Enquirer: 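Before I ask anything, here is the structure I am working with.
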Amino acid sequence: MPELPEVETMVRGIRPFVEGRTIAAVRVCGCRCRPITLFPGLKSMARRSVGRHVAAVRRIAKRVVMELDSGDAFVIEPRMTGLMLLHDPPDPEHLRIEWRFAGRREFNSVWFWDRRGLGTVRLLTAVEFAELSGGGLLGPDALTMTANDLRERMAATRRPVKVALLDQRLVAGIGNLYASEILHVARIHPAVPAARLTAPQADRIHAATRLVLEDAIRHEGSTLGDGTYRNVLNQNGGYQNSHRVYDRADEPCPTCRRAKVIRIVQAQRSTFFCPVCQRKRQH
DNA sequence: CATATGTCCTGAGAGC
DNA sequence: TGCTCTCAGGACATAT
């Protein structure tokens with residue numbers, strides 16, 4: 001499930017082969033699948049982008065953005081199972097969109113591949129794009145937010161801190177996997193109401209967020225048991241081997257080695273934590 | 001307004 | 001063996 005580290009890995013992976021290139025074609029590919037959500041339709045997408053240069057490739061929260069010299073921007077949301085690929089898809093039938101570039105280099109296309117098809121590809125105008133990135137729909141980026149950002153955001157909701165960390169309007173980029181990892185490093189119980197966090201506790205979450213996300217980026221993200229996430233060369237990420245608690249119910253806590261990691265459900269999502277290291281009341 | 005739940009989708013695994 | 005059922009969760013829509 002692509003969260004900030006996986007999407008950052010996609011961006012860094014395609015950037016050297018996409019930035020500065022001229023778009024020669026955009027087409028729908030794959031076969032038996034229901035078409036994924038495209039906005040606007042493929043025709044106007046192609047009309048507005050073919051012949052344009054890709055001015056920049058960057059990440060906004062959990063989205064990949066390819067900005068064109070016209071000011072329009074492709075915004076790709078991988079959601080659960082989407083990937084950006086330079087070649088060699090996990091399977092050919094779930095390829096969804098291909099961007100082909102003019103000229104001949106090592107890679108001349110980039111693909112969006114998506115097994116479940118929940119992802120979206122949109123071509124936004126400069127105005128629409130500005131609304132997305134600065135319209136209050138997304139909180140500060142989890143990788144660059146300040147400690148004060150996080151304290152203020154957490155103070156604004158009574159929801160459990162784990163659930164609050166998943167709200168992209170509060171903090172952008174954290175998903176279900178990294179929320180558990182971050183809270184374990186920060187030694188915070190996931191059910192604590194966010195507004196009840198003390199300032200030092202919120203600061204621990206801030207520091208843990210940076211630590212965990214940067215480490216996960218270094219390892220090129222997490223490839224879970226279902227093998228869905230792959231980097232742009234269709235290789236596994238490596239951070240799953242460093243997971244402390246996620247999907248490790250009944251295994252010993254890597255910190256205290258005494259308690260077993262337990263799994264609870266919050267807002268219909270799995271949360272993993274150590275009941276000893278992440279006690280609600282600390283002494 | 002804040003919070004909670006339902007929906008989309010496919011493949012893996014369980015159970016009979 | 002082969003069927004049906006449940007589960008996984010990011011973001012958005014709808015309900016309370």
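Only this structure's heavy atoms are used, side chains among them; waters, hydrogens and symmetry mates stay out. Owing to the predicted nature of the structure, the values given are computational and were not obtained by experimental measurement.
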Enquirer: Between A:Arg96 (side chain only) and A:Arg115 (backbone N and O only), is there a donor and an acceptor less than 3.5 Å apart?
Expert: yes
Enquirer: Please determine whether a side-chain nitrogen of the Lys or Arg among A:Lys62 and A:Glu3 lies less than 4.0 Å from a carboxylate oxygen of the Asp or Glu.
Expert: no
Enquirer: What is the separation between atom CG on A:Leu118 and atom P on B:dG6, rounded to the nearest whole Å?
Expert: 18 Å
Enquirer: Identify the two heavy atoms, one from A:Ala61 and one from A:Ala172, that lie closest to each other, and give their separation to 0.1 Å.
Expert: CB-CB, 3.7 Å
Enquirer: Judged by atom type as modelled, is there a donor-acceptor pair below 3.5 Å linking the side chain of A:Ser270 to the main-chain atoms of A:Val265?
Expert: no
Enquirer: For this output row, return yes or no: ring centroids of A:Trp99 and A:Phe74 closer than 6.0 angstrom.
Expert: yes
Enquirer: Kindly calculate the angle separating the two end axes of the helix from B:dA2-C:dT16 to B:dC16-C:dG2, each obtained from five base pairs, and round it to 10 degrees.
Expert: 50°
Enquirer: Identify whether the distance between the nearest side-chain nitrogen and carboxylate oxygen of A:Glu8 and A:Arg12 falls below 4.0 Å.
Expert: yes
Enquirer: Taking NZ, NE, NH1 and NH2 as the nitrogens, is one of them in A:Arg48 or A:Asp72 under 4.0 Å from a carboxylate oxygen of the other?
Expert: yes
Enquirer: C:dG10 P sits how many Å from A:Asp167 CG, rounded?
Expert: 13 Å
Enquirer: Using whole Å, report how far OH of A:Tyr229 lies from P of C:dG9.
Expert: 18 Å
Enquirer: Can you check the A:Ile76 CD1 to C:dG10 C1' distance for me, whole Å?
Expert: 16 Å
Enquirer: Whole Å only: how far is the CD atom of A:Gln266 from the C1' atom of B:dT5?
Expert: 16 Å
Enquirer: Output the single nucleotide from B:dT10, C:dG10, B:dG6 whose closest atom is nearest the side chain of A:Gln268.
Expert: B:dG6
Enquirer: Just checking A:Thr120: base, sugar-phosphate only, or nothing, at a heavy-atom cut-off of under 4.0 Å?
Expert: nothing
Enquirer: For A:Arg169 and C:dG10, give me the distance from atom CZ to atom C1', rounded to whole Å.
Expert: 13 Å
Enquirer: Please tell me whether A:Phe273 and A:His184 form a close aromatic pair, meaning their ring centres lie under 6.0 Å apart.
Expert: no
Enquirer: For the pair made of CZ in A:Arg116 and P in C:dG9, what is the distance, rounded to whole Å?
Expert: 9 Å
Enquirer: Nucleotide by nucleotide, 5' to 3', does protein get under 4.0 Å of the base (B), only the sugar-phosphate (S), or neither (-) in nucleotides 11-16 of chain C, counting heavy atoms?
Expert: BS----
Enquirer: Indicate, with a heavy-atom threshold strictly under 4.0 Å, whether A:Met80 touches base, sugar-phosphate, or nothing.
Expert: base
Enquirer: Does the side chain of A:Tyr246 get closer than 4.0 angstrom to OP1 or OP2 of C:dA8 through an N or O atom?
Expert: no
Enquirer: Whether A:His94 contacts B:dC9 is assessed here as follows: a side-chain N or O lying under 4.0 Å from the phosphate OP1 or OP2. Is that the case?
Expert: no
Enquirer: For the side chain of A:Asn108 and the backbone of A:Arg105, is there at least one donor-acceptor N/O pair under 3.5 Å apart?
Expert: yes
Enquirer: Rounded to whole Å, how long is the line connecting atom CG of A:Leu224 with atom P of B:dG13?
Expert: 13 Å
Enquirer: For a quick check of understanding: with a heavy-atom distance under 4.0 Å over all strands, which category does A:Thr157 fall into, base, sugar-phosphate or nothing?
Expert: sugar-phosphate
